[in-house]
Amino acid sequence: MINLNVNIAGVLLKNPITTASGTFSAKDSGAFYDINELGAAITKGVSNVPWDGNPTPRIAETYGGMLNAIGLQNPGVDNFINNELPFLKQFDTKIIVNVVGKTINEYCEVVEKLNDTFIDMIEVNISCPNIKEGGISFGANSAMASEITKEIRRISRKPIIMKLTPNVTDITEIAKAVEAAGADGISLINTLLGMKIDVHQKKPVLWNVMGGLSGPAIKPVAVRMVYQVRRAVSIPIIGLGGVMTGEDAVEFLMAGADAVSIGTAALVDPTAPVRIKKELIEFMNQNGYENLQQIREAML
Amino acid sequence: MINLNVNIAGVLLKNPITTASGTFSAKDSGAFYDINELGAAITKGVSNVPWDGNPTPRIAETYGGMLNAIGLQNPGVDNFINNELPFLKQFDTKIIVNVVGKTINEYCEVVEKLNDTFIDMIEVNISCPNIKEGGISFGANSAMASEITKEIRRISRKPIIMKLTPNVTDITEIAKAVEAAGADGISLINTLLGMKIDVHQKKPVLWNVMGGLSGPAIKPVAVRMVYQVRRAVSIPIIGLGGVMTGEDAVEFLMAGADAVSIGTAALVDPTAPVRIKKELIEFMNQNGYENLQQIREAML
Amino acid sequence: MKKEVFKAEIAENKPIADKIYQMVIKAPQITDNYWPGQFINVYLDDKSMLLPRPVSISSVSEDTVTLIYKVVGKGTEEMASKGPGELVRLSTNLGNGFRLEDVFNEIKGTSSVVALVGGGMGIAPLVGLARLLAKEKKVRGLNDEDLKIVAFVGFQDEPVLLETLEDSCNRVYFSTESGAKGFKGNVIQLIKKTGIKVDYYIACGPKPMLKTLAQICKNTSIPLQVSLEERMGCGYGACVGCVSKTKEKETSKFKMKKVCADGPVFFGSEVVWDD
Amino acid sequence: MKKEVFKAEIAENKPIADKIYQMVIKAPQITDNYWPGQFINVYLDDKSMLLPRPVSISSVSEDTVTLIYKVVGKGTEEMASKGPGELVRLSTNLGNGFRLEDVFNEIKGTSSVVALVGGGMGIAPLVGLARLLAKEKKVRGLNDEDLKIVAFVGFQDEPVLLETLEDSCNRVYFSTESGAKGFKGNVIQLIKKTGIKVDYYIACGPKPMLKTLAQICKNTSIPLQVSLEERMGCGYGACVGCVSKTKEKETSKFKMKKVCADGPVFFGSEVVWDD
Ligand SMILES: Cc1cc2nc3c(=O)[nH]c(=O)nc-3n(C[C@H](O)[C@H](O)[C@H](O)COP(=O)(O)OP(=O)(O)OC[C@H]3O[C@@H](n4cnc5c(N)ncnc54)[C@H](O)[C@@H]3O)c2cc1C
Ligand SMILES: Cc1cc2nc3c(=O)[nH]c(=O)nc-3n(C[C@H](O)[C@H](O)[C@H](O)COP(=O)(O)OP(=O)(O)OC[C@H]3O[C@@H](n4cnc5c(N)ncnc54)[C@H](O)[C@@H]3O)c2cc1C
Ligand SMILES: Cc1cc2nc3c(=O)[nH]c(=O)nc-3n(C[C@H](O)[C@H](O)[C@H](O)COP(=O)(O)O)c2cc1C
Ligand SMILES: Cc1cc2nc3c(=O)[nH]c(=O)nc-3n(C[C@H](O)[C@H](O)[C@H](O)COP(=O)(O)O)c2cc1C
Ligand code: FES
Ligand code: FES
């Protein structure tokens, strides 16, 4: 009998398949599959006040990948708590809320409001530009990453997962910094910064000029970072970046992830999370794995 | 009449199509196309003494890309000068020699020997691990990048192009450092650090565990970095990373590159450099461009 | 409602003008729940292109769906390369269609005119819309004196689907930008030139055209529905890639609505056209 | 010599055992310059897979090329999915084949035995080799007393191409690992069991098998040629992805040689087997 359970920072997920922040909408994704099948639903980044996001075009297709420059559009934490959370309550899955901000205070404001809700965990997206530091991302250096982790850890009554940006020279340095600062887990990777030019229109495809590269194109970078970070810290890791199939999920688990998130794959195939879960089970059956621990230890 | 000429650091290339270092062998590539068609041939990294490179497997395929961990196998600069350079002399194209080393002295030794040859330029691969600094790549921070540039600039009688690694937090910082240190040009990007696991064999596909990701998968990152660096420095840029078609070449030129290199594409299609050149000319004909300057300025 | 992605068989796929194709697909999953103005996602075989291509449902008949599409890039090229009997991967119906109830609420039902306006490929969804309007007209017992359905359609060079539209419209006016056929000019100039008094506009086409029409409708207080296009990621509401800025009627609050899930049909008055 | 990549028509593509296929392709560009032991690159349609798949030329006849391949992943799956009349993208001949001149130099030409040894898919290139050997034997006026060509071939479960090999060999011995058919064991055990005195070995198969055979040949001073396999990037010598460590006969210097361009055939004594 296969056991897919995994414990992430004290929260028991019934399986390791989660939705990557920003690629899941309970109502809309739920039209394609049963949300109860997920190990956890990770919701789109939410900020202290509503954000409009960027003008369009926000999406560009690239070879084996895509760019997005949504600009973190969201209705703000109050709307989220009042209008979106109640809908999520009906599902038998863990709820992880992704949090964004432009200052540490903004992050903290969101976290404080989420403290009083039923959600299971908080995922902190530190790829956002830190406006106090001139727009450098919070995740770009270990000092800033450490500081924001400490502050959020101090006020959060939920486990906090720090979601790291891959656009750094040494991901292990950042990972060690957030672990030392009290992070309960790490998600990686967020998108790689990229750009596409429409050579006929003679301008960037995205209104925002640059955007985040995701999808199978970036999987080797993501697997490498999960592998490196697994060997640098001991807190749980949610691995993501280009997971398209059950075997991709296994690849992340072998690299050292405790769970995985499905992002771009859900745009390419709306039922991807449940298909990937099914493929993971098939792989385990065919290769004699009974639980995730065995997969995670297969390469050690 | 279309003019494809481009001046890179005082060297006039008859067209902007060059071969990316490590993906070109004059004898073997020359079996598929006429090397005289190239703007320049950039040769495989050469070191002061012969290097064996890594054990195999050295190659892994990824979605829309590939990983390599050749380990910079090369016959050493003396063998290169005696056995390979004479063959290259016959061609009516510029010769750019890519140089590698484990210490600044090793780089300089190679450059000194190349000073007395007919080659046109030197491309310095600073993605190599700096053994004095514990294996951090020379290109990983601006201090090291600056130092190596200064030393090589001091002794080189050929123009030097610094080839940057994309595995850094801020590519413009490195680019500005090498420009200030006297670089005559910049090539970017080298490969992204990646990894692939064979989930059936339960081990990394590459003997070296990690390798360099190249191919169309990484093009958005490369275009973004060329765009950023073009706005940060004024020396010429050779852009590369996933160029597969003439329109891809145009995309790099619009982003700010002066020339482009064709790497992985030449593995996918051995005639890629000449095909891409033909497609570039077609694009220029169809869209009314007469020279490269017009393309480079199209987006300004 | 439950949605799915499935493979369906192509019954017909042929060019009907330069670079414009008509694809007929056997897909009862779509026809069963079709409402004019909806679209579907076409998923491609070429693995280098991950994102689906959104295409309006032009019309349906029994168990087939008709798409009208223009080859503008590699995705639509792949679509055009397929022949009858081959399979194509599709989503079930996406988005909300045109709001006919609003049309019949707004028009008086005596000597009123509803105008369908299409620019370029924007003509595609008007075919199914015209059919349903004509049917509703009959159901409600309205004759041509009571309600005229007219269409204004503009093309680059070569008109398509005119006869198909004529089957369900009282009159179809058309123009070409090049002047190759019909009135020379764009569809807005065509509307002005005909001088017909219209009581309700329903439009689909390039944003500049919709914006101009919205301006006209605002000035003359004529109701307008538009079907918007936006570069999409998922096409079903998950990625927030495809938004349009809108203003809530009641609260005057701005909201970035998803074109794919909240639209693609919006009231002209609801869209903030300035961006 | 000038090389190229071109599209060729498949004449036949059928399974000859579980997961093993035989593909016959019309490609005079290849047959014209064929030498046993060479391979070609197969370029795939699936755009997510960029690298070519190297496949040995098993044999040629007039203007067709025969490949024998096993479906082990997505690339070979795509190959297996194609039918007659469909096109496949191929390179012209790559690599250097077996060195027959060395074989005829080394054997005495009276009661000598040349053994072809194949493990798994390593049997593929032996077909063309056996044919050329048999032809050369005739050309040189050697009879079966002078020169016997024997083959030792080992399989997992199910032997293939035995009859084809028998056409040009004096005797074909085979084994299966599972013991399902023939001798139970690997090909090395098979060779030992038959106890035949061999004067020259030519082998192709998994590295462990080649290594063991090389050891035996070294100990008994029997010449050996091997065809190596290595994970390839370009397949034509540009990327230095596919090396094998070798020792120069004259200088004893180590050299990392390219399997694709310097090989895939090497002398057993030249390869450094320890890595
Ligand atoms: C709701 C909706 C309904 C549509 N209905 C139809 C239809 O019925 N018939 C039809 O021919 N086309 C329709 N389109 C447009 C169609 O989706 C695009 O033409 C198609 O995605 C282009 O794919 P491609 O790979 O061929 O071109 P690409 O190579 O992706 O792009 C080529 C050019 O097409 C334009 N384009 C690309 N994607 C879109 C997009 N999503 N929306 C608008 N323009 C785009 C861009 O200018 C781009 O430069 C619709 C779009 C939307 C959003
Ligand atoms: C010179 C040469 C000649 C060959 N001739 C034949 C032949 O005649 N018939 C035949 O069936 N196969 C042959 N091969 C092996 C063949 O190239 C691989 O089986 C094929 O590339 C696998 O592609 P795939 O996409 O199906 O599998 P992948 O998904 O790429 O790989 C599946 C597994 O196959 C193995 N593999 C992949 N690539 C290679 C490779 N280049 N060499 C060895 N093993 C590999 C690996 O273990 C891998 O895990 C040859 C290889 C070489 C180098
Ligand atoms: C359209 C889109 C929107 C995203 N929005 C968010 C977000 O709000 N917060 C966040 O932390 N990551 C966001 N991401 C990043 C993804 O969660 C994920 O880290 C990244 O896409 C890599 O995974 P993938 O390759 O599976 O998509 C977004 C990604 C996409 C494609
Ligand atoms: C097989 C292989 C070998 C390479 N060897 C070198 C090298 O010796 N020196 C170097 O500077 N870059 C080397 N590179 C990097 C390429 O020159 C290039 O920067 C990179 O592959 C991105 O371009 P592409 O996507 O067009 O391949 C190598 C790349 C590949 C694929
Ligand atoms: S395209 Fe993803 S939300 Fe509309
Ligand atoms: S595979 Fe590239 S050199 Fe052999």
Cut-off 3.5 Å, side chains only: do B/T245 and B/E279 have a donor facing an acceptor? no
Indicate whether the side chain of D/N41 and that of D/Y43 have a donor and an acceptor atom separated by less than 3.5 Å. yes
Sort B/S29 into side chain, backbone, both or neither according to what part of it lies under 4.5 angstrom from a heavy atom of chain D. both
Just checking, is any N or O donor in the side chain of D/D63 or D/T31 under 3.5 Å from an acceptor N or O on the other one? no
Salt bridge (Lys or Arg N to Asp or Glu O under 4.0 Å) with D/D45: which of D/K74, D/K82, D/R89? D/K82
Strictly below 4.0 Å, N to O, side chains only: are B/D28 and D/K3 in salt-bridge contact? no
Largest heavy-atom contact set with chain B, pairs under 4.5 Å, which of D/C260, D/G235, D/S48: D/S48
Less than 4.0 Å between a side-chain N and a carboxylate O, is that true for B/E61 and D/R53? yes
Counting only non-hydrogen atoms closer than 4.5 Å, does D/K258 touch chain B with its backbone (N, CA, C, O), its side chain (CB onward), both, or neither? side chain
Please check if any side-chain donor atom of B/Y107 sits under 3.5 Å from a side-chain acceptor atom of B/N125, or the reverse. no
Report yes or no: do B/T56 and D/E230 form a side-chain donor-acceptor pair below 3.5 Å? yes
Among residues 76-87 of chain B, those lying within the under-4.5 Å heavy-atom range of chain D are none
Taking B/K277 first and then B/E37, would you say they form a salt bridge - that is, a charged N and a carboxylate O separated by under 4.0 Å? yes
If you measure from the Lys or Arg side-chain nitrogens to the Asp or Glu carboxylate oxygens, is any gap between D/K253 and D/E248 under 4.0 Å? no
Ring of B/F24, cation from B/K44 - is the NZ or CZ under 6.0 Å from the centre and inside 45° of the axis? no
Using a cut-off of under 4.5 Å for heavy-atom pairs, which of B/A266, B/G30, B/P57 has the most such pairs with chain D? B/A266
Expected contact set for residues 192-222 of chain B against chain D at heavy-atom separation under 4.5 Å reads B/V205, B/P216
Quick one: of D/L44, D/L51, D/T92, who has the most non-hydrogen atom pairs under 4.5 Å with chain B? D/L51
Judged by modelled atom types alone, do B/N190 and B/S127 share a side-chain donor-acceptor pair under 3.5 Å? yes
Is it the backbone or the side chain of B/D52 that comes under 4.5 Å from a heavy atom of chain D, or both, or neither? both
For D/E270, is there an ion pair with D/K257 - N to carboxylate O distance below 4.0 angstrom? yes
Against chain D, label B/T62 side chain, backbone, both or neither, depending on which of its atoms sit under 4.5 Å from a heavy atom there. backbone
